[in-house]
Each structure stands twice: as structure tokens, then as C-alpha cells.
Amino acid sequence: MKDLTKVVHHPQVDQKGFVSLAVPTCRASTIVFDTARDYAERKQRGPDGYTYGLNGTPTTKTLEAQLSDLEQAERTLILPSGQAAIAILFLAVLNPGDTVLIPDNIYPPVRALCADFLAARGIGHRIYPPMAGSAIEDFIDDSVKLIWTESPGSATMEVGDLPAIVAVAQARGIFTGCDNTWATPLLFKPLAIGMDFVMEALTKYVGGHSDILLGSLSMRDLHWHQRLRDCANMLGIGVSPDDCALALRGIETLGVRIAHIGKVSTDFAWRMRDHAAVAQVLHPALPDCPGHAHWLRDFRGASGVFSIALQPALDDHVDDTLAELRIFAIGASWGGTRSLIAPMAIQERLGPPDGRQGRLLRISIGLEDPDELWEDLVHVLDSLLDRGPV
Ligand SMILES: *Cc1c(COP(=O)(O)O)cnc(C)c1O
């Protein structure tokens, strides 16, 4: 070979004896084939074969296989974000004339997807109260093809009766799916209670370091895997193996992180109930959280996100007071090592007004020293009381 050819042909080095604990990052657009016949027959390589970079490399497939195992799924598909995973699922399952049911405490961009994108394409949606349980029946007509759930709802924290919803859906031949980002597969396994699909925003706890955007869709039915992958392919959607490698690194510490932050968040939730600035603490582990009994029955524990509803009379002072935070950062997209607070109006998360007013602080516990976090929170709540009468 001449030099100009040599510079584009990498030498094959011996990989025998190279056994690393880390998953290698395999990047590829082109996959090459031994023969023209292999190339012509590449579509027959099945769900686990390699055909083109968009369909995955060994790095992507390692993450998919690891999540499938944790979710008790037949297959998993990795997508560029949690929102992309939900959008691909809805686009693949729903046709014009179909309706999807969504809870009123849903992650707000999903409601926007339904109202501002799918509606114009003939796909309807109906909003149900998160505590509907078997009364979900009242929202069903012949057009309903999919019931989407999110539990606990990520700001108001209601824990729905998901097995009751699954029972109704199965009796009517309707598909069900769950946004399981709060619990992760370590604390809840939606497929094990009969759901057809589970979505995780890997961006949050699996990534664990606030530096990637990824989502996963896991399912029990191989046939759906092909349909969802075809849908993503037709839309030209794939993921970077580098991001998957970061998720594979993050998932290794998921167990210890969830155990720690679950303990701290539950401890803080109990203690914060006594503060005069707080109207209500919304945390699934507290007995007065809507759906607490469902959480006890269905989940293996708590993760680190919960909300506090502040006394409405203190509303005007919230923004100024939060500037005094020293350890907590202000921001959304929780699940990393840093603790976060996101102030939000209760109404931002709720569909039909339910009379509640005031502001929520959504709190995500990170890995800092718990005593220092507690001091920071109490300081801000005390300061809020100092500024305004309840
Ligand atoms: C963040 C989040 C999503 C979306 O995930 P992205 O990767 O940011 O698109 C979906 N559902 C819930 C509950 C979330 O918290």
C-alpha cells in the first residue's frame, strides 16, 4: 500500500487477551460486509444484527441489553432524549382517528406534543386525573388506543393505581405505557405489572451527572421493537455511542445513588412538614401524599425528587429568597450529583384548575453533605418567613 492508502486503513491489532471491565465506545456510520451477498442480505440480520450506524453499535446495544434485563423487557430502544422516546412511541402506536389518554400531572412537553403537534395530524388526546384508577373506564371510547401514565407525577407527586389502569386497558385491548423516570427500574418495573411499554429519561438518574440527554423505550413484544425502530429510522433518529458510554458509566452507580438520595429525600420530607413556610410536602413516602398506599404496594422505595407547596401568602418573596441558596442550584432536569430546586406555579403542571394556588418548590436531592443541604433549605425557608407574613 502507498502512504495515501495507508493513512485511511487502520491496522488490525490483536484483540485476544484484551478483556476490559469498561464497555468500549464503538462509533460507526458505515458497517462493512465480507461479501456483496452479505450486503444484499443485511436486512435479514434480525433485531440484533448490525447494518448501519443509525441502528446501533455494540455500545448502544450493550446499554439496550442492560436496560432490558433491568426492566424485564424483551427489547429496549435508546433514543436521543426522554421526550424523543415518548414522541416516537406515540407516533408509532397512534394513527389518525386514534386517541391517547394522558394524566393531568404529566411532564408538560408531552401535553404540548399532543395539543400542538399530534392534534393537527388527526390524533386526539384526553386528560384524566392521575388518581383515576379503574375510573379510567369513564375516559375510554372506541378511539382510545393508548393509555399513558406517569407515576408519581413529577411535580405534584400523585402515585396512581397503575395495576387498576392496566386491568381496564387489557380488558379493552388498549396499550399502556409508563414514564418511569422518577423510580428507575430499580424501584418500579412497569412491565412486570402488565404494561406494554416503559420509558426512562436516562438524562436523569441513569446518566446521573447532568451531562447527557438520552431516553429509553422498553417493551415486552419483539414485534413492537421492529415497528418502533422502523419509525425512528424513517425519521432519521439515532443516538451517539459516546452518550451511551456515559450512560453505561452512570448506571454502574445507580444503585448506591438511589439508595442514598431516597433516604435523604424521605428524611427531609418528614422534617420539612413542621416548617411554618410550608403548606404541604408532596413526597410519596409521606402518608398524606395522594396514592401513598399505591407507592407502598408497588414501589421498592423512594428516589430523590419531591415538592413542597409554600404558603400562598409568601408567593411574592419566593424568587428573591431563592437567590440566597448556597448549595442548591436553581434548575430543571434533575438526577445528577448536584442538588436542585425548581420553583414552579402549581397551575403550570395541572390541566383543569383544581383550586390550588401558590408555588411549588421541586427539590432534587444530590450527593452533597446532607447536613449542609438541610441548613441551606432551612435558611431559605426561614428567610422567606422573615420577608412576608403567612
Ligand atoms: C426530564 C423528563 C422527561 C424528558 O426527558 P429529556 O431527556 O429531558 O427529554 C420525561 N419525563 C420526565 C418525568 C422527566 O422528568
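Predicted model, so just to flag it, every value in this text is computed and none were measured. Numbers here are sequence positions counted from 1.
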>> Under a plain distance cut-off of 3.5 Å, with no hydrogens placed, do Q83 and S81 share a side-chain donor-acceptor pair?
In response: no
R387 atom CZ, neighbour heavy-atom count above 12 within 6.0 Å: yes
request  = Check the side chains of T181 and E200 for a donor-acceptor pair under 3.5 angstrom, ignoring hydrogens and angles.
outcome  = no
Taken in chain and number order and not counting sequence neighbours, the residues that satisfy salt bridge (charged side-chain N to carboxylate O under 4.0 Å, His left out) with R45 are none
- Give the cluster check for I330 versus F306: same hydrophobic cluster or not, with ILVMFWY residues linked at side-chain heavy-atom distances below 4.5 Å. yes
Hey, is CG on D34 packed in by over 12 heavy atoms from elsewhere, all under 6.0 Å? no
Checking side-chain contact (heavy atoms from CB on, under 4.5 Å) for the pair I258/T184: CA distance, chi angles, key distance, verdict? CA-CA 9 Å; I258 293 283; T184 83; 3.9 Å; yes
Worksheet item: More than 12 foreign heavy atoms under 6.0 Å from CZ of R249: is that the case here?
Response: no
Contacts of D161 meeting salt bridge (charged side-chain N to carboxylate O under 4.0 Å, His left out) (sequence neighbours excluded), chain-then-number -> R297
For the NE2 atom on H223, are there more than 12 heavy atoms of other groups (residues, nucleotides or ligands in this structure) within a distance under 6.0 Å? yes
**Asked** Out of curiosity, does V166 fall in the hydrophobic cluster containing M131 (side-chain heavy atoms, cut-off under 4.5 Å, transitive links)?
**Response** no
*asked:* Under 6.0 Å between ring centres: does that hold for F197 and W224?
replied: yes
Please assess R271 against D267 for the test salt bridge (charged side-chain N to carboxylate O under 4.0 Å, His left out), listing each intermediate value before the final yes or no.
-> CA-CA 6 Å; R271 289 157 74 188; D267 176 44; 2.9 Å; yes
Does either side chain, that of S68 or that of T76, offer a donor lying less than 3.5 Å from an acceptor on the other one? yes
**Item:** Worked verdict on R126 versus V144 for side-chain contact (heavy atoms from CB on, under 4.5 Å)
**Value:** CA-CA 9 Å; R126 211 167 292 142; V144 173; 3.9 Å; yes
Are T337 and H209 close enough that a side-chain donor and a side-chain acceptor fall under 3.5 Å? no
>> Tell me whether V23 shares a hydrophobic cluster with Y50, the cluster being built from Ile, Leu, Val, Met, Phe, Trp, Tyr side chains joined at under 4.5 Å.
In response: no
Notebook entry, point to check: Is the W182-F188 ring centre distance short of 6.0 angstrom?
Noted result: no
Rounding to 0.5 Å, atoms OG (S307) and CZ (R362) come to a distance of 7.0 Å
Same cluster or not: are V264 and I327 linked, directly or through other Ile, Leu, Val, Met, Phe, Trp or Tyr residues, by side-chain heavy atoms under 4.5 angstrom apart?
-> yes
Is any side-chain heavy atom of L381 closer than 4.5 Å to one of M272?
yes
Notebook entry, point to check: Within a reach of under 6.0 Å around CG of D48, are more than 12 heavy atoms found that belong to other residues, nucleotides or ligands?
Noted result: yes
Thinking salt bridges, do R338 and E368 make one under a 4.0 Å N-O criterion? yes
Is there a donor-acceptor pair under 3.5 Å between the side chain of K61 and the backbone N or O of T57? no
Between E324 and H379, is there a side-chain donor-acceptor contact under 3.5 Å, judged purely by atom types and distance? yes
(Q) Quick one: does any side-chain atom of T266 pair with a main-chain N or O of K263 as donor and acceptor, under 3.5 Å? (A) no
Between the CG atom in L310 and the CG atom in D315, the distance rounded to the nearest 0.5 Å is 8.0 Å
Sequence neighbours excluded, the answer for salt bridge (charged side-chain N to carboxylate O under 4.0 Å, His left out) partners of K145 is D98
Check: L296 and H294 side chains under 4.5 Å, non-hydrogen atoms: no
Discussion item. Less than 4.5 Å apart, side chain to side chain, heavy atoms only: is that true for T51 and Y39?
Written reply: no
